[in-house]
Protein chains: 2
Amino acid sequence: MEQESRLAGTVRPGGRTAKVRAAVLQATQDELVERGFHGLIMDQVAARAGVGKTTVYRRWSTTAGLVADLMTELAEQSSPPPDTGTVDGDLRANALSVLGAITDPRLGATFQAVIAAATCDEEAAAALRAFYARRVADWAKVVDVAVDRGELPEGTDGPELIRAVSAPLYYRLVVTREPVDETIAAQAASRALIAARAGAFTTG
Amino acid sequence: MEQESRLAGTVRPGGRTAKVRAAVLQATQDELVERGFHGLIMDQVAARAGVGKTTVYRRWSTTAGLVADLMTELAEQSSPPPDTGTVDGDLRANALSVLGAITDPRLGATFQAVIAAATCDEEAAAALRAFYARRVADWAKVVDVAVDRGELPEGTDGPELIRAVSAPLYYRLVVTREPVDETIAAQAASRALIAARAGAFTTG
DNA sequence: CCCTTAATGGGATTCTCGTTCCGTTAAGAT
DNA sequence: ATCTTAACGGAACGAGAATCCCATTAAGGG
């Protein structure tokens, strides 16, 4: 039988399946905004998505899985960093991008939910890591370009510098839970840049 | 009756009450280490503490309350910052102190649990804020001393600088979930210091 | 257009968690 | 030592969430 495997039915990513997935993920986000991760219940997600409860359990099995899938979805929508022409502009753009994300009601609630879920679910933790690995790698390119332009010392660690820009913002969001605004974002970018120019981010 | 109010019984913080509280909080920490906040269940906490389930519900009512109380307890045990004689030493000591806390299995699990709880419970969020407000205020003093010694520019924002030292560590713990070690801690302290010396933390 | 079967949905069932009731234990005062 | 009553513990109860069963719908191949 050259027709091996799948001789039975076929995989069908057809319209319905995709529609259900989209509806459920959107409903998940809505529920997260209103109730947070701890208040996320399969039952209610299904009802809100206009989908059978059984379907949600079958495809995601747990609320943490739901949140992990949502984060994976967001990771694929990440937009590439702009090139503003200067490191200062690029780092500031990065800080504002993070600010926009955590300030947005839906995205902010989602991030906090994934962070909460990741503290006790490996799947969610993996999705979180994957999201930031990609994001940091994307933005690190602007640092390399800046080094080439001579704006930053040779050997400056791009990923580390990008992390240094966003760390204060997430720290406030999640740990001290203080409000975050443009001023804070600008300070974060500017302080990281000052340290980078002084060679604090060169490897070795 | 000049003997108004409490004419009935008396408050009794006696040995039993205190013992129960200690046993329950310890059991809570144990459970957090093994299952995380999402897996924290009143029932199991009570069993582990060798205490009636009713008692736990009566005194804490919810798992978030349990975690919040635990954090409040930890806040009271915080030790004052040492004076190493130089800002460099003091900031490094701060970074190592944070490192020690988040690396310790029990403390680390507790912090992550409180952070998770705070995303959807106001009581836990308040406990978290209170903890860091105190901690940051305590350590900010070393910055003021450094300014007096002339090691840092006049007007350097102490609390901000302290936050800048710990932000990268918590960012890794909670957001990117990368391992944190002495090297990372030292870098965090050193980078914040470099920026501070350059005047990046002066207010106004 | 018809057939096969992957995928869904409603509802019954089971199970776990949170709550309440009431008898028992022991802290603190006399 | 004794009494009062705050605080605790065991067990039964009820609500709500997770799981299972089976009839129904529709994607994709012929």
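A, B, ... follow the sequence lines: proteins, then strands. Residue 1 opens every chain.
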Presence of salt bridge, B:Glu76 and B:Arg134, under 4.0 angstrom: no
Charged N-O contact under 4.0 Å between A:Glu160 and B:Arg191: yes
Short side-chain N/O contact to C:dG9 OP1/OP2 from A:Thr55, under 4.0 Å: yes
Side chain to side chain, A:Thr110 and A:Asp104, heavy atoms closer than 4.5 Å: no
Selection from D:dG9, D:dA7, C:dT8 that lies nearest to any side-chain heavy atom of B:Thr54: D:dG9
Nearest-neighbour nucleotide for the A:Val20 side chain, C:dG11, D:dA18, C:dT8 considered: C:dT8
Toward the 5' end of DNA chain D, by each residue's nearest nucleotide, A:Arg58 or A:Ile41: A:Ile41
Touch class at under 4.0 angstrom, heavy-atom based, for A:Arg59 against every strand present: sugar-phosphate
Nucleotide D:dG10, atom P - distance to CG of B:Asp43 in whole Å: 12 Å
B:Met42 side chain, from C-beta outward: closest of C:dG18, C:dA7, C:dG11: C:dG18
Under-4.0 Å side-chain N/O to phosphate OP1/OP2 contact, A:Tyr57 with D:dT19: no
Out of D:dA17, C:dG18, D:dA7, whichever nucleotide has its closest atom nearest the side chain of B:Lys53: C:dG18
